[in-house]
Novice: 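What follows is a structure written as structure tokens; I'll ask about it next.
Everything numeric here is computed off the predicted structure, so don't read it as measured data. Every chain is numbered from 1, with letters handed out A, B, ... down the list of sequences.
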Amino acid sequence: MNDDNELVQQTIKGDDRSFEMIVKKYQNSIINYLGQSLRNTNLALELSQEVFIKVYSSLHTFNPKYKFKTWLFKIASNHMIDHWRKKRIKTISMDHPFKKTESSAPIQISSNQIPALQKLELKELGEKIEKALDILPPKLRELFVCRHINDMSYDEIAELKELPVGTVKNRVFQAKEMLKDHLEKSI
Amino acid sequence: MKCIPALELYLFLERELSDRRKAEIKTHLSSCPKCQESLEKRKSLVHAMEHIPSLQTPRGFSKQVLSRINPLKPSLSECLKAAAAAFVFISLLGFVFLAFSSHSLADLIVQLFQSIIHSSQEALILGIKFIKTISIFVNAFLQLTRLLIQNILAVFTVLSTEIQIFAVLISVLMAIGIIFYFKQKYILGDKG
């Protein structure tokens, strides 16, 4: 039995300190996942609390055969989808191939644009990427955040979102290309 | 060898490819300036993605979560649902027995209404304070339940043995059904 499962069992037995350890272990990941996906820190903090409350009340339904982290993120993902539905945030359809807009179409970068990109310190560029996340459609942004902010593997994301791994790779790729094009234009 | 698709260049930079594919790409890159340029364009982005600033968790976040959590016990709404289900169960049980009873339905309904009116009067008189009102409703409910059980027992004694056995069987089946429902819903949880 891994650490997470042990903490879950202890929590079910009534040990709230074990649940506090679970919260402390995953709070950063969940807040970043929701915060960067929703692009709203205060909302993310509120939803994160709700996610952990939901997790607590559903712990008895957790099947130890599965990975706790994936189960936790599944609850967070569903909670975010519920929020989107309530707020009726417009999201692009994932049933159709991503339509390449003028800005996302492959562009030929002139040779002087590349050095400009390279000159930026990685940290500064990281900050620019963080700000540029606004341009991504919510569903692409969520997958990008899972992969590059929460450091989840493509397999983990595929399991979480119940999508084929190839689809996840393709959508994360689309997100990166959109970010690349946006950053190149803004430099 | 054909040029490397951009998606695969990202996977190459993220070390997500098999050793064999990596070797193939390296070989291709050494002889293809176009792919080299394409790789360079994406290299900074991939490296910078490791430096995306993360949101800071506020101090005391976990304490806030814990303060909002109730112990693993049924909520008020669950208690109310259980009470409602119990009431329905007892009522159904009463009707089952009534079906085999020599008592008329009208008498029982009148008795029930009298009891309800009496209980309501008591509740109105004594219900100034909220907690007291609640306790009176609970008492009224218990009285009704007792009345029903008394009637059921009265009816039960005049029934033939076969009907008694049949009635007991029906009751047991209903009880099993209700227990199964609550087990599914509240103990095993809603998997949906």
Novice: For the pair B:E16 and A:K169, find out whether any cationic side-chain nitrogen is under 4.0 Å from an anionic carboxylate oxygen.
Specialist: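 Looking at A:K169 together with B:E16, the answer is no, because their closest N to O distance does not fall below 4.0 Å.
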
Novice: Within this structure, what is the OG-CE distance for the pair B:S62 and A:M21, rounded to the nearest 0.5 Å?
Specialist: 11.5 Å

Novice: Going by heavy atoms in the side chains, are A:K176 and B:M49 under 4.5 Å from each other?
Specialist: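 The answer is yes, as the side chains (C-beta and beyond) meet within the 4.5 Å cut-off.
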
Novice: Do B:L66 and A:Y56 come close enough that some side-chain heavy atom pair is under 4.5 Å?
Specialist: no

Novice: Side-chain contact, heavy-atom cut-off 4.5 Å: A:L183 with B:L45?
Specialist: yes

Novice: Working note: B:K63 + A:E20, criterion salt bridge (Lys or Arg N to Asp or Glu O under 4.0 Å); need CA distance, chi angles, decisive distance, verdict.
Specialist: CA-CA 8 Å; B:K63 296 283 178 203; A:E20 191 177 3; 3.0 Å; yes

Novice: Tell me, out of A:I53, A:D151, A:T41, A:V172, who's got the most heavy-atom pairs with chain B below 4.5 Å.
Specialist: A:I53

Novice: To the nearest 0.5 angstrom, please state how far the CG atom of B:L55 sits from the OG atom of A:S29.
Specialist: 11.5 Å

Novice: Grouping I, L, V, M, F, W and Y whenever their side-chain heavy atoms are under 4.5 Å apart, do B:L93 and B:I176 come out in a common cluster?
Specialist: yes

Novice: Given a strict heavy-atom distance threshold of 4.5 Å, which part of A:R147 is in contact with chain B: side chain, backbone, both, or neither?
Specialist: side chain

Novice: Taking atom CZ of A:F52 and atom CD1 of B:I69, what is their separation to the nearest 0.5 Å?
Specialist: 9.5 Å

Novice: Counting only heavy atoms from other residues, nucleotides and ligands, does the tally under 6.0 Å from CG of B:L173 exceed 12?
Specialist: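 More than 12 within 6.0 Å, yes.
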
Novice: Where does B:E50 contact chain A at under 4.5 Å (heavy atoms): side chain, backbone, both or neither?
Specialist: neither

Novice: Tell me whether B:I165 is reachable from B:V168 by hopping between hydrophobic residues (I, L, V, M, F, W, Y) whose side-chain heavy atoms are closer than 4.5 Å.
Specialist: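 Unlinked, B:V168 and B:I165 end up in two clusters.
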
Novice: If the threshold is 4.0 Å, N to carboxylate O, is there a salt bridge linking A:E184 and B:R42?
Specialist: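 The answer is no: the pair does not qualify as a salt bridge.
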
Novice: Nearest 0.5 Å, please: how far is CD in A:Q36 from CD1 in B:I52?
Specialist: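 Here the rounded value is 7.5 Å.
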
Novice: Using non-hydrogen atoms only, which part of A:S153 is less than 4.5 Å away from chain B: side chain, backbone, both, or neither?
Specialist: neither

Novice: Between A:G126 and B:P53, what is the shortest heavy-atom contact and its length?
Specialist: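 Nearest pair, atom of A:G126 first, then B:P53: O-CD, 3.6 Å.
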
Novice: Kindly determine whether B:H51 and A:E127 satisfy side-chain contact (heavy atoms from CB on, under 4.5 Å), including the steps that lead there.
Specialist: CA-CA 8 Å; B:H51 295 83; A:E127 286 167 5; over 6 Å; no

Novice: Sort A:I31 into side chain, backbone, both or neither according to what part of it lies under 4.5 angstrom from a heavy atom of chain B.
Specialist: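 Both parts, backbone and side chain.
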
Novice: Under a 4.5 Å cut-off applied to non-hydrogen side-chain atoms, are B:L9 and A:F173 in contact?
Specialist: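 The answer is no; the side chains never approach within 4.5 Å.
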
Novice: Which answer fits A:L45, side chain, backbone, both or neither, if we ask what part of it has an atom under 4.5 Å from a heavy atom of chain B?
Specialist: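 Both the backbone and the side chain of A:L45 come within 4.5 Å of chain B.
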
Novice: Relative to chain B, which segment of A:N170 carries a heavy atom at a distance below 4.5 Å: side chain, backbone, both, or neither?
Specialist: both

Novice: More than 12 heavy atoms of other residues, nucleotides or ligands under 6.0 Å from CZ of B:F137: yes or no?
Specialist: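 No, not enclosed.
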
Novice: Under a 4.5 Å cut-off applied to non-hydrogen side-chain atoms, are B:F61 and A:Q49 in contact?
Specialist: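 A side-chain contact exists here, since the closest heavy-atom pair is under 4.5 Å.
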
Novice: Tell me the closest heavy-atom pair linking A:L125 and B:S44, and the distance in Å.
Specialist: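 Answer, listing the atom of A:L125 first, then B:S44: CD2-O, 3.7 Å.
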
